[in-house]
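Encoded as C-alpha cells, the structure appears first; notes follow it.
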There are 2 protein chains.
Amino acid sequence: MRTSCRFAVAVHVLAVLAYREGEAVSSSRLAASVNTNPVVIRRLLLLLQTAGFIETRKGAGSGSRLSREPTKISLAEIYRAVETDEPFASHSKRPNQACPVGHCIQAELEKVFASAEAALQEELAKTNLAKILKSVHVYCSAPNKDLR
Amino acid sequence: MRTSCRFAVAVHVLAVLAYREGEAVSSSRLAASVNTNPVVIRRLLLLLQTAGFIETRKGAGSGSRLSREPTKISLAEIYRAVETDEPFASHSKRPNQACPVGHCIQAELEKVFASAEAALQEELAKTNLAKILKSVHVYCSAPNKDLR
DNA sequence: TCTTATGTAACTCTACGCGTTACATTTGTC
DNA sequence: GACAAATGTAACGCGTAGAGTTACATAAGA
C-alpha cells in the first residue's frame, strides 16, 4: 500500500496554524510539534502554499499563516494538495492483450478505482479543518500553554 | 501513496478463473495473462486461498479454480484479502505531546482515516467478480479463442 | 518412474519517502 | 550597513517494500 504520511502531517501543520489564529509560525516550530526535521516541513509547506491554504514569508519573525478560514479548508482538499498518487495501482506491466481478460481488465479496473477514490474523497470532504481544531480544543483544557 | 498492484492483479487472476468456469488453471498460464512471473502469481494465490476464494491442487494438469460463485465475491473482500496496509499512514514518529495539537491530532486522524477507509470499502462492495466478468464478455466477441 | 505443478526460500533491482546537512537568498531589526 | 532569522532548494544517505528472478524440495497424476 501507499504509505506516505504527508497527508497526516499536512493536517497536523494546518491544525497548528489554525490554532495559532493568524500568527506566523516558523518551520522549526512546526517541525517541533510534528517531531521531524524543518526541511521536511518546508517541503510540505510549498504544497500547501500552491493549494492556497497558507501564506509564507521569509525573514526574522516570519513563517507561515493560514490564508483561508479553517471552515473553508476540507480534508479532501488537503488530501488532493499533498497526495500525488492514487491509493490504487494498476498492473506494473501491460497485461497480455491476446487474453480476453487481459485485454480489457485494466479499463474495468480504472472505473472501479475511480469510483472508490471518489467515495474516499467524498468522505474526507465531510470534515474540514475547523472540525479538527474543535476536537483539539475539546481535548486541550489549557489552550494557552506554551506550545512549540 | 501506497502503490502495490496486488489488488489489480488479484482481480485479474480471479477474473480469469471465473472466465474458465471451474477449469484448473496453472500459475504459468495466469502469469502469461497478467504478464508477470509465475512465482508472483503463486504468492498471490496463497492469499486468495486463505480468503477462501479458490482451491489449488498440485501435480500435472492441476492448478487453481474458483471455490465460490463469482457473484459471491465482492471487490471489497478481494481488497481486504490482498491489501495489508491501509491507504493512510500516520506520523512516522510520535508527535510532540507537549503541543496541544500534537497531543491529540493522531486520535482525530485515526477517526478520519477509519471513516474514509470504510467509505472506500463500501464503494468496492458494490461490485463483485461477476460484474467484472460480464464486462469482459461484453468486450470480448470471441470468448473461445485460445487464451494463455 | 516421469512429468507437471505448487510452495517457498533467497536474492537482486528499483523506487520512494524520510531525514539530514549545507548554503544561497530574503527580510526584519538594531 | 551589519546581523540575525527564516525560507527555498539541492544533494545525499538510509531504510523499506514490491516486483521480479532463480532454484529446489515436495506433491500428484499419467
Side-chain angles (χ1 to χ4, degrees), chain A residues 1-10 12-13 17 20 23-32 34-50 54-65 67 82-96 148, chain B residues 1-10 12-13 17 20 23-32 34-50 54-65 67 82-96 148:
Chain A
M1 268 301 216
R2 150 230 298 176
T3 355
S4 146
C5 60
R6 275 202 297 271
F7 178 59
V9 175
H12 185 149
V13 163
L17 295 182
R20 291 307 209 159
E23 178 187 345
V25 184
S26 72
S27 61
S28 295
R29 298 192 73 184
L30 291 170
V34 174
N35 192 17
T36 185
N37 191 290
V39 175
V40 173
I41 297 295
R42 276 178 235 152
R43 286 197 279 242
L44 191 60
L45 290 174
L46 293 177
L47 296 174
L48 301 179
Q49 279 181 63
T50 303
I54 64 170
E55 285 178 351
T56 299
R57 291 174 62 186
K58 289 181 174 183
S62 294
S64 302
R65 72 192 72 204
S67 61
V82 302
E83 217 62 64
T84 55
D85 295 337
E86 295 185 358
F88 298 104
S90 191
H91 301 58
S92 53
K93 296 169 74 177
R94 195 160 190 248
N96 184 348
R148 303 194 50 200
Chain B
M1 267 303 216
R2 151 227 303 176
T3 355
S4 144
C5 60
R6 275 200 298 268
F7 178 58
V9 174
H12 184 148
V13 163
L17 295 182
R20 289 308 206 159
E23 179 186 347
V25 184
S26 71
S27 61
S28 295
R29 299 192 73 182
L30 291 170
V34 174
N35 192 15
T36 185
N37 191 291
V39 175
V40 174
I41 298 294
R42 276 178 235 153
R43 285 197 281 243
L44 191 60
L45 290 175
L46 293 176
L47 296 174
L48 300 180
Q49 279 181 62
T50 303
I54 64 170
E55 285 178 352
T56 299
R57 290 174 64 187
K58 290 182 173 180
S62 296
S64 302
R65 70 191 74 205
S67 59
V82 302
E83 216 63 64
T84 56
D85 295 338
E86 295 185 359
F88 299 103
S90 191
H91 302 60
S92 52
K93 295 169 72 175
R94 194 160 193 248
N96 185 346
R148 303 195 53 202

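Below, chain A is the first sequence line, B the second, and so on; all start at residue 1.
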Residue pair B/R57/B/K93 against DNA chain C: nearer the 5' end by closest nucleotide is B/R57
Checking side-chain contact (heavy atoms from CB on, under 4.5 Å) against A/V9, which of A/L30, A/V34, A/T36 comes through?
-> A/V34
Between D/dG20 atom P and A/R94 atom CZ, what is the distance in whole Å?
-> 16 Å
Nearest-neighbour nucleotide for the B/V39 side chain, D/dA23, D/dG8, D/dG20 considered = D/dA23
Starting at atom CD1 of B/I41, determine the distance to atom P of C/dG7, rounded to an integer number of angstrom.
-> 13 Å
Distance test, side-chain N/O of B/Q49 to OP1/OP2 of C/dT6, below 4.0 Å | no
To the nearest Å, how far apart are B/N37 CG and C/dG7 C1'?
-> 14 Å
Can you tell which of D/dT21, C/dC18, D/dA6 lies closest to the side chain of B/S92?
-> C/dC18
Side chain of A/A60 (C-beta onward), nearest among D/dT26, D/dA4, D/dA19 | D/dA4
At under 4.0 Å between heavy atoms, what does B/L45 touch on the DNA or RNA strands: base, sugar-phosphate, or nothing?
-> nothing
Round to a whole Å and report the spacing from CZ of B/F7 to P of D/dA19.
-> 14 Å
Of A/G59 and A/R43, whose nearest nucleotide on DNA chain D comes first from the 5' end?
-> A/G59
Can you tell me how far C1' of C/dT6 sits from CG of B/L47, to the nearest Å?
-> 15 Å
Look at B/S62 and C/dT4 and indicate whether a side-chain polar atom (N or O) is within less than 4.0 Å of OP1 or OP2.
-> no
Consider the side chain of B/S4, meaning its heavy atoms from C-beta on, and name the nucleotide among C/dT6, D/dG20, D/dG18 that approaches it most closely.
-> D/dG18
Can you tell me how far the CZ atom of A/R43 sits from the OG atom of A/S27, to the nearest 0.5 Å?
-> 11.5 Å
Roughly how far, to the nearest 0.5 Å, is the CZ atom of A/R29 from the CD atom of A/E23?
-> 6.5 Å
Where the side chain of B/V40 is concerned, which of D/dA19, D/dT9, C/dG19 is the nearest nucleotide?
-> D/dA19
Of the candidate nucleotides C/dG19, C/dT6, C/dA22, which contains the atom at the shortest distance from the side chain of A/R42?
-> C/dA22
Within this structure, what is the NZ-to-C1' distance between B/K58 and D/dA28, rounded to whole angstrom?
-> 9 Å
Between C1' of C/dT8 and CG of B/L44, the distance in whole Å = 15 Å
Counting distance only, does the side-chain N/O of A/R57 pair as donor-acceptor with the main-chain N or O of A/S62 below 3.5 Å?
-> no
Using a 4.0 Å heavy-atom cut-off across all strands, classify B/S64 as base, sugar-phosphate, or nothing.
-> nothing
Using a 4.5 Å cut-off on heavy atoms from C-beta on, say whether the side chain of A/T56 contacts that of A/R42.
-> no
